[in-house]
Protein chains: 2
Amino acid sequence: MAYADVFKALSDPVRREILTMLKEKRMAAGEIVARFDVSGATISYHLSILKKAGLVFETREKNFIYYELNASVLEEVLLWIHALRGVSDGEIKE
Amino acid sequence: MAYADVFKALSDPVRREILTMLKEKRMAAGEIVARFDVSGATISYHLSILKKAGLVFETREKNFIYYELNASVLEEVLLWIHALRGVSDGEIKE
DNA sequence: CTCCTATTTAGATTTTTCTCTAAACAGATT
DNA sequence: AATCTGTTTAGAGAAAAATCTAAATAGGAG
C-alpha cells in the first residue's frame with residue numbers, strides 16, 4: 001500500500017462520494033455513473049484510481065463489473081494518522 | 001474543515017514528511033527547508049497548503065516563524081475514515 | 001536608519017489531474 | 001456471427017499543482 005496513492009485517491013470529491021456510496025452496498029460501474037453528472041469514462045477513470053489505491057476491488061458478473069469497498073486499506077490509513085497524531089489525552093503515556 | 005483540503009494536503013510526500021517531522025517538535029520554516037532538497041519558496045508553498053488545511057499552525061517569534069502540528073484536524077479525519085470503514089469485526093452491531 | 005536574516009510572494013514553467021468524445025473490448029443474447 | 005449492453009481505453013484539451021528564480025516584506029541588530 002502506498003500512502004501517496006491512497007491520499008491522492010481520497011483527495012477528490014467524486015471519489016470520496018463513490019466510496020461513501022460503496023459503504024452501503026456494492027455497485028456496478030453503470031449504477032455509479034447514473035448518480036453523477038459526469039461521463040462514464042470519467043467515472044471509470046476515478047474507479048481505476050480507487051482500485052490502484054486498493055480502496056476498492058471489483059468482481060465481474062455477467063457483463064457487469066461490481067465495485068466494493070476494501071476496508072483493510074482504510075485500516076492502514078487509520079493507523080498512519082493515529083501514529084502521526086501521537087499519544088493524546090485519554091491514552092497512557094509510556 | 002474541508003476534507004478536500006486535508007486529503008489534498010496529505011496527498012503530497014513532502015507535506016507528509018513535514019508533518020512527521022512536526023510530530024517530534026515544532027520547527028522554524030528554515031529548519032524544515034534544510035531537511036529537503038527543494039527551494040525555500042517551495043517549502044513555503046507546502047506550508048501554506050498545510051496551514052490552509054488546518055494541519056499546522058504558526059507562531060511568530062523574533063523573525064522566525066515556527067510551525068506546529070495541529071492534531072485536532074487529524075482527529076476529524078480519523079472520524080471520517082472510521083465512519084466510512086463502518087462497523088467491523090470486533091465491534092457491536094446494532 | 002541601514003543592513004542582515006528569515007520567510008513569503010510574484011511570475012513563469014513543467015507536470016499532473018480531470019474531463020470530454022470517440023473508439024475498442026468483453027460477454028451475453030438473438 | 002451479428003448485435004446489444006456495460007464498461008474501459010485512447011487521445012486531446014483545460015485546469016490545477018509543484019517547482020524554480022528573483023524580488024518583496026518583516027523584524028531584529030548594529
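Not measured: the values here are computed from a predicted model. Every chain is numbered from 1 and lettered A, B, ... according to where its sequence line falls, protein lines coming before strand lines.
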Nearest of [options] to any side-chain atom of [X]?
{"X": "A/Ala41", "options": "D/dT9, D/dG28, C/dT8", "answer": "D/dT9"}
{"X": "B/Phe64", "options": "D/dA17, D/dA22, C/dT7", "answer": "C/dT7"}
{"X": "A/Lys8", "options": "C/dT19, C/dT17, D/dT8", "answer": "C/dT17"}
{"X": "A/Lys62", "options": "C/dT8, D/dT8, C/dA28", "answer": "C/dA28"}

[N] OP1/OP2 closer than 4.0 Å to side-chain N/O of [X]:
{"X": "B/Tyr67", "N": "C/dT8", "value": "yes"}
{"X": "B/Thr42", "N": "D/dC20", "value": "yes"}
{"X": "B/Ser39", "N": "D/dC20", "value": "yes"}
{"X": "A/Arg15", "N": "C/dC18", "value": "yes"}
{"X": "B/His46", "N": "D/dT19", "value": "yes"}

(request) Flag yes if more than 12 heavy atoms outside A/Lys25 fall under 6.0 Å of its NZ atom; otherwise flag no. (result)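 Enclosed: over 12 neighbouring heavy atoms sit under 6.0 Å from NZ of A/Lys25.
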(message) Just verifying a value: how many Å separate B/Arg85 CZ and A/Lys23 NZ, rounded to the nearest 0.5 Å?
(response) 9.5 Å
(message) I need the B/Leu47 CG to B/Arg15 CZ distance, nearest 0.5 Å.
(response) 10.0 Å
(message) Grouping I, L, V, M, F, W and Y whenever their side-chain heavy atoms are under 4.5 Å apart, do B/Tyr66 and B/Leu55 come out in a common cluster?
(response) no
(request) Please tell me which of B/Asn63 and A/Ile65 maps to the more 5' nucleotide of DNA chain D, matching each residue to the nucleotide holding its nearest heavy atom. (result)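 Looking at the nearest nucleotide for each, A/Ile65 comes out on the 5' side.
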